[in-house]
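Below, chains carry the letters A, B, ... as their sequence lines are ordered, and counting in each starts from 1.
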There are 2 protein chains.
Amino acid sequence: MAATERSTRDRLLDAFETLLVTAGSRAATLDAVAAEAEVSKGGLLYHFHSKDELVEGMLTRLREQGEADVAKMRTAKKGPVEFYLATSVNTGSNFDRALVAAGRIAQENDSRASAALADLREGWFTVLREHLGDESLARTIQLIGDGLYFDDTTGLTEKNALKHVRAVLKRLDVL
Amino acid sequence: MAATERSTRDRLLDAFETLLVTAGSRAATLDAVAAEAEVSKGGLLYHFHSKDELVEGMLTRLREQGEADVAKMRTAKKGPVEFYLATSVNTGSNFDRALVAAGRIAQENDSRASAALADLREGWFTVLREHLGDESLARTIQLIGDGLYFDDTTGLTEKNALKHVRAVLKRLDVL
DNA sequence: GTCTATACTTCGATAGAC
DNA sequence: GTCTATCGAAGTATAGAC
C-alpha cells in the first residue's frame, strides 16, 4: 500500500482549523469548510452530521496532539523551558493551528474548547514546575509563553521577542 | 441639567462590546446588539448605517480610552510597571471591555482593529522602555502582561498569577 | 462515500410610517 | 430619532440520486 492518503475526514478538520485561524469563526461556515477541503457540503455532512460534531472532532484531535506535545516537552534535549518557549511562537505546525483554532472556538463560549485548552495548559505547567522546582518562576514563564502565543494569534508578532525573553531568563539562571 | 443620560449611540457601542466579549463575534449580530441595547434594529441602523460603522465607532472610542490609559500609566504613583501589570488583569472596566472586543474583531481579519491594538501596545511599550531603560526587560514584561490578558479573555484566569509575577520581578530588581 | 436539490432560519440592510 | 415591515443573501441541515 502506498503512503496512506489523507482521509477526507482529516482534510475537513484541517480546512475547518485553517479557516478559523486565518479568517475567524464567522468565516468558518460549513460552505467555506467544504470548499476549502474541496468536498461538497453534502460530503462534509456525511462525515460530520452537524457543525457541533466538527468542533468535537477537532477537539479530540487536539487532545491527542497535546498529549504528544507534553511528552516531547518532558524529554526535550534543550530542556522543557526552551522547548516550551520555542513552541509558543507559531511555527506553523499542525499542532499550532489546532491550538489557535480551539482558542477561536473557546471564545464563542464553548466550554468543551475551554476545558481542552485548560487541560493542555495544566500539562505544560506541571512539567515546568517539576523542572524548575519553583512555582513563581513556572507561572511567570507560562505567562510569557501565553504572551508569545497571544501576540502571534493577534498578528502582533514582535520579531525578536524570544531573544529578549532568553536574555532575561539568563539573568534568572533559568537558561 | 441632571446627570447626562447615556446616549443611545453609546449604549449601542456598549452592547456591541458586551456581546463580543461574552459571546463572541458570531453572536454579536445586529439583531442581538439592538436587543441588548433595548432598541429596534431600525433604531440601531439610524446611528450606524452598517455593521462596519459599528466597528469603526467602537475603535474610535477605544483609541480615546487608550490614550488616556497610557497617560495614566506614565504618571502612576506606584510606577508604570505595577500599573501596567495591575491593569493587564481584567478589572471589568469599560476600557478592558473595549480592548477585548477589539481583539475579537481583529481575529476576524480586520486590519483597522489590528492597527488600533498595535498602536496601543506600542504606547505601553514606549513607557515601559523609557522607565526601565532596558529593552529586553520591557519586552518581557509586556509579554507577561499579554499573557495575563490572554488568560483572562480565555477564561483561564489563575488567581495568584500576579503574585508570582511580582515575586520574579523583585528578583530582577524591577519592583 | 459523495453529489445535487431544496427547506428553513438568520443575517444585514432598505423603505417608509410615526 | 425610533419603529415595523420586508427583501435578498447566506447559514445550517435534510432528502434522495448516483
Inset, instruction - Using a heavy-atom cut-off of under 4.0 Å over every strand shown, decide if A/Leu45 touches base, sugar-phosphate, or nothing. - result: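 Base, at least one base atom sits under 4.0 Å.
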
Legend entry - Sugar-phosphate only, base, or nothing, as touched by A/Thr29 at under 4.0 Å among non-hydrogen atoms: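 Since only primed, P, OP1 and OP2 atoms lie under 4.0 Å of A/Thr29, the category is sugar-phosphate.
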
Verify the contact: side-chain N or O of [X] to OP1 or OP2 of [N], cut-off strictly under 4.0 Å; return yes or no.
X       : N     : answer
A/Thr8  : C/dG1 : no
B/His47 : D/dT2 : yes
A/Tyr46 : C/dT2 : no

Rounded to the Å, how far apart are [X] [atom1] and [N] [atom2]?
X       : N      : atom1 : atom2 : answer
B/Leu30 : D/dA10 : CG    : C1'   : 14 Å
B/Asp52 : C/dC11 : CG    : P     : 18 Å
A/Phe48 : D/dT12 : CZ    : P     : 15 Å
B/Leu54 : C/dG12 : CG    : P     : 10 Å
A/Lys51 : D/dT14 : NZ    : P     : 15 Å

Inset, instruction - Run the salt-bridge test on A/Glu130 and A/Arg74 with the 4.0 Å N-O cut-off and return the result as yes or no. - result: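 Counted as a salt bridge, because a side-chain N and a carboxylate O are separated by less than 4.0 Å.
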
Legend entry - Quiz item: B/Lys41 side-chain donor-acceptor pair to C/dG12 base, under 3.5 Å: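 Checked by distance alone, the answer is yes.
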
Inset, instruction - When you get a sec, tell me which of C/dC11, C/dA13, D/dT2 is the closest nucleotide to the side chain of B/Asp31? - result: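 Nucleotide nearest to B/Asp31's side chain: C/dC11.
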
Legend entry - Listed nucleotide nearest any side-chain atom of A/Val39, set D/dT12, C/dG12, C/dC3: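 Ranking D/dT12, C/dG12, C/dC3 by closest atom to the A/Val39 side chain puts C/dC3 first.
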
Inset, instruction - Answer yes or no: is there a donor N or O on one side and an acceptor on the other, between the side chain of A/Glu36 and the main chain of A/Ala32, under 3.5 Å? - result: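 Pair absent, no side-chain N/O of A/Glu36 close to backbone of A/Ala32.
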
Legend entry - Student check: side-chain heavy atoms of A/Leu20 and A/Met58 closer than 4.5 Å: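 A/Leu20 vs A/Met58: side chains touch.
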
Inset, instruction - Answer yes or no: is there a side-chain heavy-atom contact under 4.5 Å between A/Phe125 and A/Arg121? - result: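 A side-chain contact under 4.5 Å is absent here.
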
Legend entry - Mutual orientation of the aromatic rings belonging to B/Phe95 and B/Trp124 [parallel < 30°, tilted 30-60°, perpendicular > 60°]: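 Answer is perpendicular, since the angle exceeds 60°.
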
Inset, instruction - Hey, which sits more toward the 5' end of DNA chain D by its nearest nucleotide, B/Arg9 or B/Arg26? - result: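 The 5'-side residue here is B/Arg9.
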
